2 protein chains.
Amino acid sequence: MSYALSGARPIGTETRARVMAAIKELGFERNAAARSLAARRSHVLALVLPTVAGGLSGTLGEFAQAASQTARDAGYHLVIWPFDREEHAEVRDLVRQGQADGVLVMEVSLHDERIDALLASQVPFTMIGRTAELDGRSWVDIDFERTLTDAVDHLADLGHTTIAFVNHSQHSLDTGYGPTVRARDAFHAAAVARGIHATDVTSDESPLAGRLTTSAILDERPETTAFVTMNETATFGVTQALRDRRLRVPDDVSVLAVVTSPEVGAMYHPPLTTMRAPGHELGRRSVEELLAALEGTAPREAPRLVTCALSPGASTGPAPRR
Amino acid sequence: MSYALSGARPIGTETRARVMAAIKELGFERNAAARSLAARRSHVLALVLPTVAGGLSGTLGEFAQAASQTARDAGYHLVIWPFDREEHAEVRDLVRQGQADGVLVMEVSLHDERIDALLASQVPFTMIGRTAELDGRSWVDIDFERTLTDAVDHLADLGHTTIAFVNHSQHSLDTGYGPTVRARDAFHAAAVARGIHATDVTSDESPLAGRLTTSAILDERPETTAFVTMNETATFGVTQALRDRRLRVPDDVSVLAVVTSPEVGAMYHPPLTTMRAPGHELGRRSVEELLAALEGTAPREAPRLVTCALSPGASTGPAPRR
DNA sequence: CTGTTAGCGCATTCAG
DNA sequence: CTGAATGCGCTAACAG
């Protein structure tokens, strides 16, 4: 009888009609628990992330939207499951107890205990981000190397020769948060490649921290004519500091915000030139990766690194003449 | 044997020890599907919201954090389940199919088809927000009446006599989005009560819309000395428009952003005075409401309307002398 | 206090 | 192509 619904075997037209009629008659609903129990599969994918932190800026929304849609198309439910970073065991138990078939892990750090727990229990997972070790792990990530290279190139092409990079917090660097580490390294490499005088700093995720940091940079290196920022909240402080000093954007100083969105860029005046975080693409790709692992099918060959496209605003321009 | 875990009946110390030993020995995990099936209860609460829209500003995060914690303390899992607003049926089926025991519905409009579907199916739910009809429905909401009254009082006390209110979009008003409607009405009532010249406008959720709107207000009523805003994204445009006209905040014009957070206020210079959206409180209260409905216990008498507290910034001050 | 047992509602065998 | 029978791994009701 259940075959009529699942299509797992050929069904006669008449039989199907009979079943359908009965279903409608009784207001029948398939019971998810019974299905999960019998099929040993919940058809739920859990997106776990450390207690939905502030300042998500819509990138998470975009990601979740795409991931959810991709999962649905494949007959799965995508649910967001808030967990503190310390609750490794709970994340693992989600799958061990059959609440979910697989896990998407966000905000992965280079050495992430949650990943260790998942590996140890053979739980299917895909990382949004990357641990240092990648062997046999499924992941998708932003191509920070490429993004920072493009950012430096963009500014170097405009004639800037002294560029500062405002990164995420020192704490994130110390705890090995991949984006922070990779972006710093890539910024340096790109600066060297283009013969740029580079300053890089970390900043807490607050406007005030960004303002103080920027102010310090301008004191130390007044010849700085461009800022690359990868810290949405601190970037508000960056522009505040420039305004404090009567520096005009982009005439005196250029600002390029990376791994964010044009929507956030539009909050500034003039609107910031940004390099857009590819939330949608990451969402889709990560679910594809996870499903490939779950269904044992070969993961369709597709790039795991996704790039941030430049979205022109009005905050970058030619380096001023000295 | 399961009694040892659930504590549903008294257990001898020795028996318990024996069970525990066996559990550890075999790496036993309770199967969630089997538990749900046998107990007819999933211990999952679904927080459904229209595909995690942009501009969440952290209030959703704060809400989810508190809701999640409250649920956990009561032995439930809180999961966030993205649904488009059109998918009434799917939301309802979550519970009918036993995927979740109850639903928290966010972004409720005055006439919300999702709520109709839930009611028709006898699904336990709590609204974050309110439909026009409230009979027999469980809800918690921000006290917009009080918030707007407090906002107007704050500015009137500072001597402002002409105040403009920048609300959510016209579309949200037309479709009967509760916050938009209630805030508008409350703003008017408060203005009348204080003898204030009031202008109220809607604005799309974009900085550009906010800027144009503000500009139009200043053209039409140049005597306006204060803005109340309840539109996080548009507020960026409000301050841009003021700067366009060389109006200083708060010397020439005061800005009070309501139903947002001091963190968002800190993105401005000077930092905005805000009335903070009580995300934490709403999260906790809403889960309490839902659990009361689920467990049939009398809902602890507690206010369903939660107020927004004033968080002083530096964007409101005495009305300028004319 | 403890051991045993009958379903929960499906998917998936197995016969027909 | 179809109907009937077996468990999935638990909870809760039953006896002891």
Side-chain angles (χ1 to χ4, degrees), chain A residues 1-45 74-77 90 92-102 121-124 291 294-296, chain B residues 1-46 74-77 90 92-102 121-124 291 294-297:
Chain A
M1 46 169 78
S2 77
Y3 297 113
L5 293 174
S6 62
R9 84 184 190 191
I11 290 292
T13 323
E14 190 199 338
T15 312
R16 150 160 294 131
R18 208 147 44 82
V19 172
M20 289 313 194
I23 284 176
K24 198 171 292 176
E25 182 110 357
L26 304 172
F28 169 87
E29 286 283 339
R30 289 159 115 179
N31 179 298
R35 297 186 65 187
S36 299
L37 182 58
R40 296 116 185 279
R41 178 149 271 206
S42 66
H43 285 270
V44 166
L45 306 182
Y76 284 80
H77 279 297
E90 280 79 0
R92 176 201 58 199
D93 293 344
L94 272 189
V95 175
R96 297 216 301 184
Q97 299 180 351
Q99 302 254 50
D101 293 342
S121 301
Q122 308 243 22
V123 169
L291 289 176
L294 280 178
E295 321 225 300
Chain B
M1 49 167 79
S2 77
Y3 297 112
L5 293 174
S6 63
R9 81 184 191 190
I11 289 292
T13 323
E14 190 197 337
T15 312
R16 149 160 293 129
R18 208 146 44 81
V19 172
M20 290 313 195
I23 283 175
K24 197 171 292 177
E25 181 110 358
L26 303 172
F28 169 88
E29 286 284 339
R30 287 158 114 183
N31 178 300
R35 297 186 65 189
S36 299
L37 182 58
R40 294 118 187 278
R41 180 148 270 208
S42 66
H43 285 270
V44 166
L45 305 182
Y76 285 80
H77 279 297
E90 280 79 0
R92 175 201 59 199
D93 293 344
L94 272 189
V95 175
R96 297 216 302 182
Q97 300 179 351
Q99 301 254 50
D101 293 341
S121 302
Q122 308 243 22
V123 169
L291 289 177
L294 281 178
E295 320 224 301
T297 60

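Chain letters run A, B, ... following the sequence lines, proteins first, then strands; residues in each count from 1. What's counted below: heavy atoms across the whole structure, side chains too, no hydrogens, waters or symmetry copies. Note that the structure is predicted; figures quoted are calculated from it, not measured.
Not counting sequence neighbours, B:S36 has no partner by the side-chain hydrogen bond (donor to acceptor under 3.5 Å, both in side chains) test. A:A38 meets the side-chain contact (heavy atoms from CB on, under 4.5 Å) test with no other residue; sequence neighbours excluded. Residues that satisfy the side-chain hydrogen bond (donor to acceptor under 3.5 Å, both in side chains) test with A:R40, not counting sequence neighbours, are absent from this structure. Among residues two or more places apart in sequence or in another chain, the salt bridge (charged side-chain N to carboxylate O under 4.0 Å, His left out) test is passed with A:R35 by none. In terms of the salt bridge (charged side-chain N to carboxylate O under 4.0 Å, His left out) criterion, residue partners of B:R96 (sequence neighbours excluded) are, by chain and number, A:E29, B:D93.
With D:dA12, D:dG9, C:dA11 as the candidates, the nucleotide lying closest to the side chain of A:A39 is C:dA11. Closest to the side chain of B:R35, from the set D:dC8, C:dC10, D:dC10, is D:dC10.
The CZ-P distance, from A:R40 to C:dT13, rounds to 10 Å in whole Å. Counting to the nearest Å, the P atom of C:dC8 and the CG atom of B:N31 are 18 Å from each other. Rounded to an integer number of Å, the gap from B:L37 CG to C:dA6 C1' is 13 Å. If you measure from atom CD of B:Q97 to atom C1' of C:dC8, you get 16 Å, rounded to the nearest angstrom.
For the pair A:R41 and D:dC8, the criterion of a side-chain N or O lying under 4.0 Å from OP1 or OP2 is not met.
In the helix from C:dC1-D:dG16 to C:dG16-D:dC1, the rotation axis of the first five pairs and that of the last five pairs differ in direction by 40°, rounded to 10 degrees.
At a threshold of 4.5 Å between non-hydrogen side-chain atoms, the residues A:L94 and A:V44 do not count as touching.
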